[in-house]
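Atoms within each ligand, like the ligands themselves, are counted from 1 in listed order.
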Amino acid sequence: MARLSRAFLFLLAAGCATPTEQSASGVDRMYVINCGENHVKDVSRWTPGVNVGQPHVFANHCYLIKHAKGWMLWDTGNADRIAALPGGFTNPQGTITAFMRKPLAESLKEVGVTPADIKHFAMSHAHGDHSGNANYFTAATLYVQRAEYSAMFGAEAQKFGFIAANYEKLRANPAMILDGDHDVFGDGTVTIKAAPGHTPGHQVLVVRLPKTGPVMLSGDMVHLQYSWTYRVVPSFNFDIPRSMATIDAMKAYARETGAQLWVNHDMEQNAKLPKAPAFVQ
Ligand SMILES: [Zn+2]
């Protein structure tokens, strides 16, 4: 039954996009893909001073954008290989257990996309829960801030909390090395915005959906809606003052443009969004 309804949704999705509609709107649709879960023992590492000692489950998502000029993927979630581990993967410190309920490769396949179809690729930052499947996307142009690129491929990637093996194949990708904001398709519909602090070259993505309007995809600028409202960042951020300045700048941008913030790791907020193979427009 579940299989049938999924197939039905896909047919519906496939049926309503004509080439004319696509070229008229630039961005045709966006798929929000479940890309894992991260179970933590003490959420107060992410919300210093609040909920000390409380366990928490963070959601994790990838976002697939269908633009008239090609497919774009934002973030890659937990590594697909974790899906084979029934108990998930626990970090050496024992503080986080990562799960991957359905491999990203499978989720893409359900909407008729292969990794080689992705021509535009960006990650909010290179931490393992965002770069887990980055090595699939060698056919894409990589959009990355210069500070992140240097940290990722420098001698001390580990110092930034990065696992270089997750993304080592991207070294050979065509890359747009950015020093700030970038209009990906040149039509204002998909904009990368520099949002440093969590990592040296963290970035967020603003997608102007044809019906929903502008949506800002948070990456790890904030981890919860609570953190956005109250300006709360993790104690382990690369640069806490810059993280706060980024939140203030993005709040101002969101006010000016009317953009909604979709918080990648917020389980409660994401429960309200349709997930792939359904999509948002
Ligand atoms: Zn994260």
Side-chain angles (χ1 to χ4, degrees), residues 32-48 51 55-64 73-82 88-93 95-101 104 107 121-134 137 144-145 147-148 151-152 157-167 170 192-205 216-228 232-240 242-243 246-247 250 261-271 273 275:
V32 180
I33 302 173
N34 186 323
C35 271
E37 267 174 27
N38 296 312
H39 295 222
V40 306
K41 285 197 173 146
D42 181 357
V43 72
S44 71
R45 282 188 74 214
W46 288 264
T47 56
N51 292 326
H56 187 77
V57 179
F58 287 106
N60 196 12
H61 295 88
C62 305
Y63 302 84
L64 176 67
L73 185 73
W74 172 254
D75 279 343
T76 71
N78 291 344
D80 278 1
R81 61 181 175 276
I82 293 173
F89 173 78
T90 302
N91 64 348
Q93 300 85 343
T95 51
I96 307 174
T97 300
F99 292 88
M100 192 63 170
R101 308 293 184 194
L104 173 61
S107 297
F121 172 52
M123 299 186 289
S124 56
H125 65 299
H127 282 158
D129 55 324
H130 301 259
S131 65
N133 299 300
F137 303 102
V144 57
Q145 300 294 323
E148 197 76 357
M152 286 166 72
Q158 252 174 305
K159 197 183 89 183
F160 301 96
F162 301 159
I163 302 160
N166 276 337
Y167 52 74
L170 301 182
I192 291 171
K193 293 195 68 65
H198 183 64
T199 59
H202 184 279
Q203 51 192 10
V204 299
L205 192 72
M216 182 185 284
L217 304 177
S218 68
D220 284 5
M221 171 179 63
V222 291
H223 287 73
L224 298 165
Q225 255 186 315
Y226 169 91
S227 321
W228 176 242
V232 176
V233 298
S235 51
F236 57 86
N237 270 13
F238 172 71
D239 185 330
I240 290 176
R242 284 191 92 184
S243 305
T246 283
I247 292 178
M250 294 307 129
L261 183 75
W262 288 8
V263 182
N264 182 336
H265 288 311
D266 189 302
M267 187 69 92
E268 233 182 318
Q269 188 194 43
N270 280 285
L273 298 177
K275 301 297 174 328

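Between Met250 and Val204 the shortest side-chain heavy-atom distance falls below 4.5 Å.
Judged purely by distance below 3.5 Å, without hydrogens or angles, the side chains of His61 and Asp75 never pair a donor atom with an acceptor atom.
When you scan the N, O or S atoms of Asp220 for the one nearest the Zn ion (ligand 1), you land on OD2. The atom of His130 that is an N, O or S and sits closest to the Zn ion (ligand 1) is NE2. In terms of distance to the Zn ion (ligand 1), the nearest N, O or S atom of Asp129 is named OD2.
For the side-chain hydrogen bond (donor to acceptor under 3.5 Å, both in side chains) with Asn60, the lone residue among Asp129, Asn34, Asn78 that qualifies is Asn78.
Taking 2.8 Å as the threshold, His127 does not count as a candidate ligand of the Zn ion (ligand 1), since none of its N, O or S atoms lies below it. Checking His265 against the Zn ion (ligand 1), an N/O/S atom falls under the 2.8 Å cut-off.
When ring centroids are compared, Trp46 and Phe58 come within the 6.0 Å threshold. Residues His202 and His127 place their aromatic rings such that the two centres sit no closer than 6.0 Å.
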